[in-house]
Every structure is written in structure tokens, then in C-alpha cells.
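Heads up, the thing below is written out as C-alpha cells.
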Number of protein chains: 2
Amino acid sequence: MALRHAVLAALLDGERSGYQLAKAFDVGMANFWHALPQQLYAELAKLEREGLVAGREVVQEARPNKRLFTVTEAGSAELERFAATPSKPSFIRDDLLVKVAAADSVDPAELISRLDERAEASRAKLDLFDGLLATMRGDLDEDEFLARGTGIGPYLTCLRGRVFESENRDWCARTADVLRNRARLRSE
Amino acid sequence: MALRHAVLAALLDGERSGYQLAKAFDVGMANFWHALPQQLYAELAKLEREGLVAGREVVQEARPNKRLFTVTEAGSAELERFAATPSKPSFIRDDLLVKVAAADSVDPAELISRLDERAEASRAKLDLFDGLLATMRGDLDEDEFLARGTGIGPYLTCLRGRVFESENRDWCARTADVLRNRARLRSE
DNA sequence: AAGGGCATGTAAATAGTTACATGATTGA
DNA sequence: TCAATCATGTAACTATTTACATGCCCTT
């Protein structure tokens, strides 16, 4: 049950609307937790009922009104409690890996296409992360920022996401090469 | 809806019981899909009703009887169709990353403990993967096996899992260092 | 005039986790 | 004798995804 904690963590940066959270859970946060808008609106409502976040209505003219949420004292305490809890082992849950696991019985040409698509997507995400990291760092270099900067939590998780995507890209390229090479050998 | 496909892929190696699958989904397969025994028994029953796998009863003396499942023609076709489908982007879903995202508001000592625990677990899993890979390879070296061996699907996914755990271990160590360093700076 | 962004949800279906249930055999 | 391994499930609950719904403003 960690979506609630992911929402609380995302709210530490400052107050956010459900809509803003939905975007955060589609880029930065999405490295380690993904959620659709519906789920976030539902979770915010539940957290508010339980007193872990507090919402305030902001009336707007040119746009629909919105509600901005902040973590309460009780919310901070809950995060603290959660951080002291042992973590379950993590795992990748990936369609593409399921397909590669079936490599011996499935059309290699299709598999290679999927791998190329994913490599491309990973490259794009890498660029996105590099941009996010540079923004968070400001004018400090990385060591300086990590030693004395503020808001290192999101920076550290983004670093994990960056490496993950970089390994994704490399593995896809290497795996596609292996499959292409086997296809070549078979046709000789 | 990829558990069904993960089960089909796991069954390509040869016939397996629900119990054997449960073990596979706790080690090898677990790099990219995790499932509890209950889920597997339920999924096997559903796949059998749909004709994608076929089960046969094996009567045993010293142990309870079991049912061994094989992929049918229809099952192979379904896997083939699935492999041709575009893959959703993958992501890590990790409690520990949620905790680190909250690093700025949470007790660093607790975080460091969680990171050390995870680094240790990753080291153990790395050893496990190295063993699995060596077994799959047999006496061939890696390049030879990847070029001409049989059953490379599971090998390739295991390679992905190996790198993932290795990056997990490194990131945990580096992140714990960053947190320890900041604690030291603050206390000076 | 069409498409995208802002902003919030409800309802239904599928997937995954937790708790419970049973019972024999084998090795420490 | 205690714990682990083999072997299979049911029931209840929680989490996630998919489909649907609304409506205004701004830019192209």
C-alpha cells in the first residue's frame, strides 16, 4: 500500500493539485511509482478523510477551480513510520521481457521491432531525466548539490531512473543484436 | 494482462506443475514478473478452460498427485500474437524509492538502514543469477551460447535481471554514502 | 473549427495480495 | 519432534486499469 506514501512524498515539495500530481506521476515520480489521474483523485480524497493531507480550494477565472493539497503533521508522521518499515524487494514488471523470455518460440523479426521501439523510448526518457536533473541541480555541480543542496530526495530517485533507462537501452540494443546474429547464422 | 503470457512463456521449457511454476516465479521469472502460487493456480485453470494449455494428472505415491501443463497450439499462437503487440513502457515499482523520495523530511538513519538491507539483498540475488546463468550456459562461453545455444530467451531476461540488481546494489551504496555524508556535515 | 491543456471525477472490470485450509513425507 | 518440501486450492480484500463524462479557454 505505497501509493499513499508516494503521494505524500510528492507533496513534500509544496502544495499540489490532483492534476499536477497526475503529471508528476507521469514523469519524475513515474520511475518508481506510476498512477493514473483517477487513482490520484481517489487517493487524495482518502488521505484527506484520514487527515494526512489538507486541501484548500483555489478559485480561478480563466480555468476551472482547483484544490491544492499539503501534507499535515499526521501525514509527516505516517511517512516517518513508513520509512522505518522494511522494504519489499523490488522487481521490473515488463511486457517486453515476457516477450523475450518466449524468444525461442516466437518470430524474431517482431521481437527485434519491439526491442528497437523500446530502445528509442528509453533514449527519449534519458534525455528527459537529464533535463530534470539539471533543473534540480541549478548551478551547483552534482557533488556539491548532493552534499549541500535541498530537495535531494527526488534527485536521488531520478538518478536511479536514469541508470534504469540507460541499462534498458543498452540491453535492448544488445538483445536485438543477438537475435539478428542468430537469424543471420540460420540463413547461411 | 501479461501474467497469462508470462505463464505461457515459462511453460515453453517443458511441462510444469503449478507448484514448479510458483518456484520459477520466485526466482528466474521474478525479474520481470512476480506472482504468488494462488494466482498461478487460478491462471492455469483459466488458461486450461480457454484451451491455451493442456494439463495431465500424474499420480504419485510418496507425494501428493500433481497436474503437469503444456502449451497447446492455440497457446503458441496467442504468444506469437502477443509478441507482435507494442509493449507498454516498463517501470520500477519500489517501496524503497518512495522512501528515498521523502529523504528531506524523514530520519536519515532509518533510510540508511533500508538502503543497506537492500544492497545486501541485491548482492544475494546477483549471486543467484550468476549461478542460474552458468547453469543455462553449460560448458559454452557466453558469446558461443548466445550465438548457437538453445533456450536463450530465459538467458537474455536473466541478463537483464542481473544488471538490474547490480545497479540496485550500486545505487543503494552510493545513496547511503550521500546521506551519511550530509549527516556528518550537519553535525560539524 | 479543431485540438490541446486545465481540472475533476464516477463506474465497472481486472489484477494482485493476504489470510486461511489441508495433509503426507523427509531430513536435521 | 520440528521444520521444510511437495501439492493444491478458496475467500476476502485492496489496488490498478479501462471506459466514460463534463466543460471552458487558448492557440493554430
Side-chain angles (χ1 to χ4, degrees), chain A residues 1-7 15-27 29-30 32-50 53 55-69 82 85-95 98, chain B residues 1-7 15-27 29-30 32-50 53 55-69 82 85-95 98:
Chain A
M1 218 209 322
L3 172 61
R4 61 194 307 97
H5 300 112
V7 169
E15 52 179 16
R16 294 278 154 84
S17 66
Y19 188 83
Q20 286 175 295
L21 280 178
K23 278 191 302 181
F25 275 79
D26 212 48
V27 278
M29 228 60 184
F32 55 94
W33 214 272
H34 181 257
L36 297 165
Q38 305 92 299
Q39 229 183 319
L40 293 168
Y41 287 114
E43 196 67 44
L44 283 168
K46 207 197 282 184
L47 286 167
E48 197 180 19
R49 275 200 306 278
E50 295 173 26
V53 304
R56 68 179 182 96
E57 181 96 15
V58 174
V59 179
Q60 298 185 116
E61 314 236 315
R63 303 171 193 306
N65 297 344
K66 60 180 171 185
R67 309 198 62 220
L68 296 177
F69 295 90
F82 173 65
T85 248
S87 296
K88 299 176 201 157
S90 69
F91 55 96
I92 308 172
R93 189 184 285 260
D94 193 342
D95 270 15
V98 174
Chain B
M1 216 208 325
L3 172 60
R4 61 192 308 94
H5 300 111
V7 169
E15 53 178 16
R16 295 278 154 84
S17 65
Y19 187 83
Q20 285 176 297
L21 281 177
K23 278 190 301 180
F25 274 78
D26 213 47
V27 279
M29 230 56 187
F32 55 95
W33 214 272
H34 180 255
L36 298 164
Q38 305 91 300
Q39 232 182 316
L40 292 167
Y41 287 114
E43 196 66 44
L44 283 168
K46 208 198 282 183
L47 286 166
E48 196 180 21
R49 276 201 304 280
E50 295 172 28
V53 304
R56 67 179 183 95
E57 180 96 16
V58 174
V59 179
Q60 298 185 117
E61 314 236 314
R63 300 170 194 306
N65 296 345
K66 61 182 170 184
R67 307 199 62 220
L68 295 178
F69 295 90
F82 174 64
T85 251
S87 295
K88 300 176 200 155
S90 69
F91 55 95
I92 307 174
R93 188 183 285 260
D94 192 341
D95 270 15
V98 175

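What you see is a predicted model; the values in this text were computed from it and never measured. Sequence lines set the chain letters: A, B, ... in the order given, protein chains first and strands last, and positions in each chain run from 1.
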- Query: Just how far is it from atom CG of A:Leu68 to atom CD of A:Gln20, taken to the nearest 0.5 Å?
  - Reply: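 One finds 6.5 Å between CG of A:Leu68 and CD of A:Gln20.
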- Query: Between CG of B:Leu3 and NZ of B:Lys46, what distance do you get to the nearest 0.5 Å?
  - Reply: 8.5 Å
Please give, in whole Å, the distance from [N] [atom2] to [X] [atom1]?
{"X": "B:Leu68", "N": "D:dC6", "atom1": "CG", "atom2": "C1'", "result": "13 Å"}
{"X": "B:Gln60", "N": "D:dT8", "atom1": "CD", "atom2": "C1'", "result": "12 Å"}
{"X": "A:Asp26", "N": "D:dT16", "atom1": "CG", "atom2": "C1'", "result": "15 Å"}
{"X": "B:Leu36", "N": "D:dA11", "atom1": "CG", "atom2": "C1'", "result": "15 Å"}
{"X": "A:Lys88", "N": "D:dT14", "atom1": "NZ", "atom2": "C1'", "result": "11 Å"}
{"X": "A:Glu48", "N": "C:dT8", "atom1": "CD", "atom2": "P", "result": "12 Å"}
{"X": "B:Asn65", "N": "D:dT5", "atom1": "CG", "atom2": "P", "result": "21 Å"}
{"X": "A:Leu3", "N": "C:dT17", "atom1": "CG", "atom2": "C1'", "result": "16 Å"}

- Set of ring pair (Phe, Tyr, Trp, His ring centres under 6.0 Å) partners for B:Tyr41, sequence neighbours left out: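 By the ring pair (Phe, Tyr, Trp, His ring centres under 6.0 Å) rule, B:Tyr41 matches no residue at all.
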- Looking only at side-chain atoms of A:Lys66, point me to the closest of D:dC6, C:dA7, C:dT18. C:dA7
Should [X] be listed as having a side-chain N or O under 4.0 Å from OP1 or OP2 of [N]?
{"X": "B:Gln39", "N": "C:dG16", "value": "yes"}
{"X": "B:Tyr19", "N": "D:dC6", "value": "yes"}
{"X": "A:Tyr41", "N": "C:dG9", "value": "no"}
{"X": "B:Lys23", "N": "D:dC6", "value": "yes"}

- Whether A:Phe82 and A:His5 hold their rings parallel, tilted or perpendicular, with breakpoints at 30° and 60°: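 Plane angle under 30°, so parallel.
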- Query: Is there a donor-acceptor contact under 3.5 Å from the side chain of B:Asn65 to the main chain of B:Gln60?
  - Reply: yes
- Query: Among A:Arg4, A:Arg67, A:Arg56, whose salt bridge (Lys or Arg N to Asp or Glu O under 4.0 Å) with A:Glu48 holds?
  - Reply: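 Among the candidates, only A:Arg67 passes.
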- Task: Between B:Gln20 and B:Phe91, name the one whose nearest nucleotide on DNA chain D is closer to the 5' end.
- Result: B:Gln20
- Single hit among B:Trp33, B:Phe25, B:Phe69 for side-chain contact (heavy atoms from CB on, under 4.5 Å) with B:Val7: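 The single option meeting the side-chain contact (heavy atoms from CB on, under 4.5 Å) with B:Val7 is B:Phe25.
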Please tabulate the protein-to-nucleotide N/O contacts below 3.5 Å involving nucleotides 26-28 of chain D, giving atom names and distances.
none

- For B:Arg93, report the nucleic acid contact type (base, sugar-phosphate, nothing); a contact means any heavy atom under 4.0 Å. sugar-phosphate
- Is any N or O donor-acceptor pair between the side chain of A:Gln38 and the base of D:dT18 shorter than 3.5 Å?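 A donor-acceptor contact between them is present.
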